[in-house]
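Take a look at the structure set out below.
In what follows, every chain begins at residue 1, and chains take the letters A, B, ... in the order their sequences are listed.
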2 protein chains.
Amino acid sequence: MNLSIDHKNPLPLHIQAENLLRNMIKDPQYAGGKFLPNEVQLAKQLAISRSTLRHALNKLVYEGLLTRKKGVGTKVAEAAISSKSKNWLSFTQEMTARGIIIKNFELHVTWVLPDETIANFFEISPTKKVLKLERLRGKAEGPFVYFISYFHPRVGLTGEEDFKRPLYDILEKDYMTVATLSKEEISARSADKFIAAKLELEPGHPILVRKRFVYDQGERPIEYNLGYYRADSFVYTVESRRE
Amino acid sequence: MNLSIDHKNPLPLHIQAENLLRNMIKDPQYAGGKFLPNEVQLAKQLAISRSTLRHALNKLVYEGLLTRKKGVGTKVAEAAISSKSKNWLSFTQEMTARGIIIKNFELHVTWVLPDETIANFFEISPTKKVLKLERLRGKAEGPFVYFISYFHPRVGLTGEEDFKRPLYDILEKDYMTVATLSKEEISARSADKFIAAKLELEPGHPILVRKRFVYDQGERPIEYNLGYYRADSFVYTVESRRE
DNA sequence: CTGGATATTATGTACAAACATATAAACATA
DNA sequence: TATGTTTATATGTTTGTACATAATATCCAG
């Protein structure tokens with residue numbers, strides 16, 4: 001990856017700067033909370049104007065990766081693991097953007113009969129088997145989320161796919177299915193024995209449950225997803241605006 | 001609402017322009033798909049520079065309200081008008097819509113010194129007292145949520161208001177403050193003794209915590225709200241769409 | 001009448017230069 | 001010691017200017 005800006009490169013300078021910054025802030029030095037060099041200095045360092053640099057910075061600030069404070073400086077935003085409904089990033093993309101490397105602890109693929117909720121959501125017969133994908137994921141230190149996904153037969157997944165690739169990438173590129181609409185329900189509960197064991201905590205500890213109903217462009221159901229998050233490492237964020 | 005830009009107004013010009021544009025594009029003329037005036041012309045019309053105008057336009061483009069096309073023009077995005085404002089119901093309105101009658105179990109109003117989070121969010125000194133409103137609310141059978149709200153001094157609340165009225169009604173009608181933007185963080189935790197007692201459950205039981213940061217039209221902070229919900233009676237739902 | 005060169009139009013990119021304002025540290029005063 | 005005051009620093013705001021590039025409209029030759 002390039003570590004400096006190339007004025008000959010046809011890629012716009014502010015995009016180059018943006019990419020460069022994305023890498024820069026993954027450095028533990030900055031991810032640890034240290035301020036970036038100030039704008040004037042950084043602009044000089046990259047040999048671009050302050051305006052162009054700010055253009056790049058703005059984008060990262062908008063994405064919530066950086067925070068700025070007038071008179072103080074710019075630094076990497078608190079790397080609290082969170083979910084931003086607005087941007088529609090995949091789990092992996094979002095975590096990577098924050099410099100968090102996701103590790104897969106477990107991965108199971110099976111074919112199962114749908115329970116009532118799922119059969120209803122998919123509008124299929126309860127005797128028709130669906131693909132079930134279970135994943136235990138987290139950081140190097142340990143898992144923090146247990147995912148269960150069910151896929152509508154219409155999608156055409158075989159179960160032989162490489163689920164280490166980003167899910168929505170597989171769906172889009174290999175199955176021409178674009179996830180367009182998602183309805184989510186977030187609730188709290190205490191961990192039962194099964195989930196507690198997976199997430200390496202005591203039964204009874206609070207967990208955050210996220211149910212996700214995913215639809216394609218035609219608003220047809222394609223995925224039902226359950227996520228069980230350790231309460232101590234996940235915050236769900238929402239931004240809403242009225243006009 | 002102002003229909004032109006006031007260079008005397010301390011509110012930054014690009015924010016004024018942004019607000020103005022938000023109104024402008026509600027006009028059926030533009031919402032119907034007509035192109036806005038071109039940037040150079042519009043800048044002249046508003047008596048601001050093209051850069052400043054673009055700053056405002058960029059924000060709306062980020063939000064997905066406008067789409068631009070090089071060499072062609074800028075217009076209101078196709079699907080932008082649809083579902084956005086859906087979320088903005090007051091707690092009481094929302095519950096009433098579901099046929100749930102809300103009972104106030106407790107209601108306390110006090111003036112307190114803000115902690116660091118609040119002082120930071122409000123951008124005020126930690127020595128400046130703010131109004132704190134605590135409410136225990138629920139159904140006839142029992143409470144299910146404990147709310148704590150802090151209000152920015154700018155709003156002008158005295159503490160003598162009738163808080164049995166809907167909050168946003170008070171703010172709009174009596175204090176000319178319109179809550180326009182809200183950022184929320186949802187997390188899970190187990191109830192401490194205080195909250196457990198309020199919500200009539202055992203300490204250690206899971207609860208859902210909702211932090212809410214509320215802003216007015218000028219994106220100035222006006223309220224910080226904490227909601228502690230019984231996990232067995234509350235689910236948070238979100239709908240998001242990508243275009 | 002059609003295809004291709006050309007001009008026009010509007011957004012995209014980039015830089016330079018001031019001045020405004022919030023923050024924090026250094027300093028001075030009561 | 002406590003409280004202002006100044007100063008250095010960094011981001012925030014605003015303007016002006018110039019040229020690049022994509023999309024569209026126009027015109028001209030064959």
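Atom pair A/Asp6:CG and C/dA14:P shows a separation of 12 Å (rounding to whole Å applied). One atom, CD of A/Gln41, and another, P of D/dA10, lie 7 Å apart when rounded to the nearest Å. For the pair A/Phe35 CZ and C/dT23 C1', the computed distance is 10 Å after rounding to whole Å. Taking atom CZ of B/Phe122 as the reference point, atom P of C/dA22 lies 18 Å away to the nearest angstrom. For B/Gln45 and C/dA10, the CD to P distance is 14 Å, given to the nearest whole Å. In this structure, A/Arg68 places its CZ atom 8 Å from C1' of D/dG12, rounding to the nearest Å. Remark: P of C/dT8 and CG of B/Asn38 are 16 Å apart, rounded to the nearest angstrom. The CD atom of A/Glu39 sits 15 Å away from the P atom of C/dC15 (whole-angstrom rounding).
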Original post:
Which nucleotides of nucleotides 13-25 of chain D have their base under 4.0 Å from a protein heavy atom (B), which only their sugar-phosphate (S), and which neither (-), written as one string 5' to 3'?
Top reply: BSBB-B--BBS--

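For the atom pair CZ (B/Arg210) and CG (B/Asn225), the distance works out to 7.0 Å, reported to the nearest 0.5 Å.
Ion pair B/Lys198/B/Glu106 flagged as a salt bridge, since at least one NZ, NE, NH1 or NH2 atom sits closer than 4.0 Å to an Asp/Glu carboxylate oxygen. Between B/Glu184 and B/Lys211, no side-chain nitrogen of the basic residue sits less than 4.0 Å from a carboxylate oxygen of the acidic one, so the salt-bridge criterion is not met. A/Asp232 has a carboxylate O that lies under 4.0 Å from a charged side-chain N of A/Arg230, or vice versa, which qualifies the two as a salt bridge. One finds a salt bridge joining A/Asp174 and A/Arg165 here, because a Lys/Arg side-chain nitrogen approaches an Asp/Glu carboxylate oxygen to under 4.0 Å.
Centroid-to-centroid, the aromatic rings of B/Phe121 and B/Tyr215 come within less than 6.0 Å.
Nucleotide D/dA18: paired with C/dT13 (Watson-Crick or G-U wobble, both distances less than 3.5 Å).
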